[in-house]
Amino acid sequence: MNVKISLPDGSQREYPQGVKGADIALSISEGLARNALAIEVNGEVWDLARPITNDASVKILTWNDKSGKTTFWHSSAHLLAEALEALYPGVKFGIGPAIDSGFYYDVDLGDRTFGEGDLVAIENKMKELAKKDSAYVRKDVSKTEALDYFNKKADPYKIELISGLQDGSITFYQQGNFVDLCKGPHIPHTGFIKAVKLTNVAGAYWRGDEKNKMLTRIYGITFPKQKELDEYVHLMEEAKKRDHRKLGKELELFAFSEKVGMGLPLWLPKGTILRERLEQFMRKAQVRAGYDPVVTPHIGGKSLYVTSGHYEKYGKDSFQPIHTPDENEEFLLKPMNCPHHCEIYKTKPRSYRDLPIRLAEFGTVYRYEQSGELHGLTRVRGFTQDDAHIFCRPDQVKDEFIKVIDLVLHVFKSLGFDNYTAQVSLRDPANKQKYIGQDHLWDKAEKEIQEAADERGLKTVAVEGEAAFYGPKLDFMVKDALGRSWQLGTIQVDYNLPQRFELEYVGSDNQRHTPVMIHRAPFGSLERFVAVLIEHCAGNFPLWLAPDQIAVLPISERFNDYAAKVFDALKAQDIRGLLDDRDEKIGRKIRDAETKKIPFMLIVGEREAAENRVAVRKHGQGDQGSVSLDEFVNNFKVECAAP
RNA sequence: GCCGAGAUAGCUCAGCGGUAGAGCAGCUGAUUCGUAAUCAGCAGGUCGUGGGUUCAAAUCCCAUUCUCGGCUCCA
């Protein structure tokens with residue numbers, strides 16, 4: 001009996017029934033067989049040693065395939081576990097999956113404590129074990145057998161995992177002396193793993209539940225070649241140089257102070273310029289899009305948030321109420337702007353003809369984030385949203401939503417963010433009590449969001465359980481320098497708060513109706529946006545945003561007068577920058593300006609002073625030759641136009 | 001909030017039981033210079049904070065604050 005095997009190039013070959021992936025790879029080429037890690041059989045990844053009994057279309061997976069890497073790293077997690085068991089007999093194992101880059105294993109070390117210093121010893125053990133070329137052997141086991149094995153090892157985590165599995169679908173994998181519960185697949189043997197780096201140790205709750213015990217999570221990454229590990233390490237070092245916390249300090253954009261409080265950023269003068277440019281950019285875009293700017297206070301009466309539901313949901317985990325000499329009075333630092341905007345809506349009766357009403361505010365809000373969550377500017381306790389609330393009729397929701405998508409995309413495009421994910425954040429259907437409002441309105445809102453995104457041709461991923469408590473969202477996610485994903489822009493459809501605040505408008509039928517609210521923030525928060533922007537451009541901001549756009553560098557003190565004249569002329573044209581009239585050599589001044597990532601350096605000496613010219617040097621690009629001062633200003637203005 | 005690591009001059013870091021160190025930045029002076037660091041001198045820290053052990057603590061122990069890596073959370 002033969003089986004028909006289709007290959008990715010469309011060709012078909014016949015092999016004896018029970019043929020293994022390894023055989024197929026070898027029949028194609030020796031090189032492929034040498035690099036083969038696994039095989040995709042009808043879309044499912046299998047071990048190369050697993051017999052294929054039916055016709056199938058297959059693809060041999062190597063390191064160059066994403067699922068090849070995943071398999072490689074999953075097998076590496078087993079190797080890590082083998083090393084841990086060898087070094088620390090009696091450790092208990094949780095789970096050990098592959099992740100985007102690398103893998104981890106959650107382990108219970110019992111009474112042992114364990115720091116990053118211990119990692120080198122484990123790495124070495126892994127390398128030693130890898131050299132044994134131990135095959136990863138798959139074995140079907142019954143549930144009883146499986147439970148029996150881990151009962152003997154007294155591993156409560158594996159026992160818990162097995163208990164949730166169905167008899168008949170349980171497999172073990174063994175390499176060397178280490179046996180693990182695992183559905184596979186794996187690479188053929190440990191010898192493929194040539195380079196190992198354990199990157200960090202962290203605590204992680206068993207099964208991600210903070211009520212459970214915290215296990216020790218060991219993160220690592222492995223490669224088939226040492227060179228690839230070296231490249232990876234180099235890449236990580238480069239990424240660290242882009243970290244907005246590092247650049248924020250170096251470029252004097254923002255700072256934190258223990259006395260002010262954790263998570264409460266201080267914007268330094270240069271950071272403030274950056275931030276105000278962004279605000280101005282957004283204000284302009286919003287005026288064009290029909291928004292009305294409003295301003296509301298930083299605090300609001302407690303009842304405002306009782307009405308909105310925020311108090312019930314977040315009250316005890318928030319900054320606590322502010323009290324006044326009047327004992328019955330309580331104010332909250334505003335964690336959201338929407339309730340204030342609802343009150344603005346209510347200042348007068350609204351007609352269906354007035355809608356949509358779009359109220360926009362750069363509103364600073366305060367949220368008591370858990371201390372361990374704070375992270376540079378991306379996660380803070382006080383931040384400014386480029387917030388707006390659109391109050392509209394039900395028939396206007398989709399149109400308005402699409403307009404907001406366009407605005408968000410305009411922002412991203414203007415700043416060169418092309419690597420974002422659009423995420424439709426839905427309710428967790430298993431946990432509906434976490435949300436307010438009626439089912440049918442949620443369903444409607446979720447449908448409208450998806451339709452609007454589809455209509456704009458946006459590729460989206462839907463994620464359950466990520467909605468706000470009052471409504472579903474469309475979130476725009478962007479990764480930071482170190483690969484961590486952050487939410488920037490967000491658009492939310494909300495049928496609930498208008499009801500709670502008893503908002504209404506008079507329809508064409510002369511009846512009272514409840515409007516729909518769209519919450520939206522294209523930047524999300526200025527703080528987080530600036531953080532991601534810093535990392536995105538590695539501190540080399542576009543000219544229109546750069547805190548210092550030019551540095552005027554006299555060759556020597558003899559030309560300080562001319563340099564000052566040039567500098568004043570530029571300032572008169574609203575060009576930002578500095579005059580470096582220190583008693584330093586020009587090489588030094590250039591170096592310092594380059595380090596500060598100032599886009600243009602204007603070098604002036606005898607030649608320039610004589611002819612009213614400037615020698616232009618561009619950051620990172622070197623000498624651009626000399627032009628007249630007027631010409632420079634004209635060119636600059638063109639290049640510096642804000643989008 | 002939880003697990004682990006850390007905090008030394010403005011910045012980056014060395015020192016890890018025996019009277020606080022370097023480079024850069026800063027200040028002063030010399031130099032007046034043509035595209036990524038001119039030279040010399042000076043000054044600068046109750047070693048995060050509070051307790052403890054010790055003849056002696058930056059160094060060891062405890063607590064606390066903040067930072068970092070994750071986990072949980074994220075209106």
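Naming: A, B, ... by sequence-line order, numbering from 1 per chain.
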Base-pairing mate for [N] - Watson-Crick or G-U, with both contacts under 3.5 Å:
| N | result |
| --- | --- |
| B/C2 | B/G70 |
| B/U59 | none |
| B/U19 | none |
| B/A7 | B/U65 |
| B/C39 | B/G29 |

Using the ring of each side chain (for Trp, its six-membered ring), is [X] parallel, tilted or perpendicular to [Y], with breaks at 30° and 60°?
| X | Y | answer |
| --- | --- | --- |
| A/Y105 | A/F93 | perpendicular |
| A/F254 | A/F256 | perpendicular |
| A/F529 | A/F417 | tilted |

When the distance from [atom1] of [X] to [atom2] of [N] is rounded to whole Å, what number comes out?
| X | N | atom1 | atom2 | result |
| --- | --- | --- | --- | --- |
| A/I590 | B/C33 | CD1 | P | 15 Å |
| A/M214 | B/G70 | CE | C1' | 8 Å |
| A/E369 | B/G1 | CD | P | 13 Å |
| A/E210 | B/C3 | CD | C1' | 13 Å |
| A/L553 | B/U32 | CG | C1' | 16 Å |

- Message: For a quick test of reading the model: is some side-chain N or O of A/K249 closer than 4.0 Å to OP1 or OP2 of B/U12?
- Response: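 Answer yes for this pair, as a side-chain N or O of A/K249 is under 4.0 Å from OP1 or OP2.
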- Establish, with yes or no, whether the OP1 or OP2 oxygen of B/C74 is under 4.0 angstrom from a side-chain nitrogen or oxygen of A/R367.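 A/R367 to B/C74 OP1/OP2: no side-chain N or O under 4.0 Å.
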- Task: Taking the six-membered ring of A/F600 (Phe, Tyr or Trp), confirm whether the NZ or CZ of A/R617 is under 6.0 Å from its centre and within 45° of its axis.
- Result: no
- Message: Walk along nucleotides 64-69 of chain B from 5' to 3' and tag each nucleotide B, S or - by protein heavy-atom contact under 4.0 Å, base first, then sugar-phosphate.
- Response: -SSSSB
- Between A/Y368 and A/D317, do the side chains contain an N or O donor and an N or O acceptor separated by less than 3.5 Å? no
- A/E237/A/K240 salt bridge by N-O under 4.0 Å criterion: no
- Message: My understanding is that only residues two or more places apart in sequence, or in another chain, count here; which of them pass side-chain hydrogen bond (donor to acceptor under 3.5 Å, both in side chains) with A/Q487?
- Response: A/K473
- Could one point to a donor on the side chain of A/E608 or the base of B/G34 with an acceptor on the other under 3.5 Å away? yes
